[in-house]
Amino acid sequence: MKKKLMLIYKKLLNNYGEQGWWPIINNYTCEYNKSFKHDKKTTKQKFEICIGAILTQNTAWKNVEKSLINLKSANIFSPNKILSTPDSKLTSLIRPAGYYNVKTRKLKEISKFFLEHKDDFENESLSREELLKVWGVGKESADYIMLYALNKPFFIVDAYTIRIFSRMGFFDEKRKYDFVQDFFQKNLPKDYKIYNEYHALIVEHAKRHCRKKPLCNGCILRKDCRYYFKNDKELKRKKLKKI
DNA sequence: CGCCAGGTGGGAT
DNA sequence: ATCCCACATGGC
């Protein structure tokens with residue numbers, strides 16, 4: 001199993017290349033680059049990852065980018081600025097990311113938390129349990145922050161992770177966050193760089209091929225995939241019937 | 001037009 | 001525990 005998961009990782013990496021997560025805004029061009037490396041983030045970048053993690057909840061990253069650029073352009077990009085901005089103003093800026101009323105509250109909650117735990121963010125001594133107490137921060141958002149802001153080895157589980165690996169036959173699609181996270185953490189080296197890149201590759205693969213309605217044509221994992229074989233057999237049966 | 005997107009909290013059963 | 005729903009814009 002350990003080899004299998006690493007093999008899939010290498011196939012994805014060979015095919016899609018390094019993803020360079022987490023995307024961080026370029027201060028000069030106000031554009032997002034994905035050439036970001038695994039080095040230690042500045043405090044500002046850590047906070048940027050926190051608000052990105054909130055805004056991207058059940059939302060396409062493209063829409064999150066628009067909201068982040070709005071915030072950046074309005075010079076509302078720090079915990080203090082967010083806390084001192086009226087809800088109505090914040091709401092209008094993050095509008096493209098959807099759920100703007102709840103997310104406005106969530107941004108204020110994480111900002112308050114960030115200020116209260118500034119030392120923990122700077123020393124990278126923050127605990128996941130503390131993060132999970134913040135209203136609006138669930139397991140996935142907490143792990144995004146732990147992994148991408150603080151380089152801690154927490155494997156991210158999202159809808160894509162469960163979709164891809166349940167289709168491939170590793171576990172049932174009804175498995176929940178903790179089970180799936182344990183599964184990956186038990187079967188992969190405990191290395192934040194691998195977790196970082198693996199998750200980003202999963203997102204890329206889900207977008208390109210393993211969609212809700214899968215595009216198995218050209219999928220590099222289909223030889224390893226139960227879902228594909230199941231449909232392949234059905235396809236052959238239909239063809240035989242025709243003949 | 002309908003479906004989907006890098007979830008979460010809250011309430012009912 | 002588990003299911004169900006509200007939350008909402010923009011891209012295809």
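These figures come from a predicted structure and were not determined experimentally. Chain naming here is simple, since letters A, B, ... match the order of the sequence lines and numbering starts at 1 in each.
The residue A:Ala159 sits close only to the backbone: its heavy atoms come under 4.0 Å of sugar-phosphate atoms, none of a base. Within 4.0 Å (heavy atoms only), A:Lys207 reaches at least one base atom of the nucleic acid. Contact annotation for A:Val64: no contact, since no heavy-atom pair falls under 4.0 Å across all strands.
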Between N or O atoms, less than 3.5 Å apart, protein on one side and nucleotides 10-13 of chain B on the other: list the pairs.
unit_1: B:dG10; atom_1: OP1; unit_2: A:Trp135; atom_2: NE1; d: 3.1

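Note that the first and last nucleotides of DNA chain C, 5' to 3', having any atom under 4.0 angstrom from a heavy atom of chain A are C:dC7 to C:dG11.
Between A:Glu124 and A:Lys46 there is a salt bridge, since at least one side-chain N of the basic residue sits less than 4.0 Å from a carboxylate O of the acidic one. Under 4.0 Å is where a charged nitrogen must lie from a carboxylate oxygen, and between A:Glu109 and A:Lys106 no such pair does.
DNA chain C is contacted by no residue of residues 183-191 of chain A, taking any non-hydrogen atom closer than 4.0 Å. Near DNA chain C, meaning a heavy atom under 4.0 Å away, the residues from residues 41-61 of chain A are A:Asn58.
Listed by first and then second residue, the ring-ring contact (aromatic ring centres under 6.0 Å, His included) pairs involving residues 118-139 of chain A are A:Phe114-A:Phe121 (not counting sequence neighbours).
Geometric assessment of A:Arg175 against the ring of A:Phe171 yields a negative cation-pi assignment under the 6.0 Å and 45° thresholds.
In this view, A:Lys139 and A:Asp178 satisfy the side-chain hydrogen bond (donor to acceptor under 3.5 Å, both in side chains) rule, not counting sequence neighbours.
For B:dA5, one of the phosphate oxygens OP1 or OP2 lies less than 4.0 angstrom from a side-chain nitrogen or oxygen of A:Arg163.
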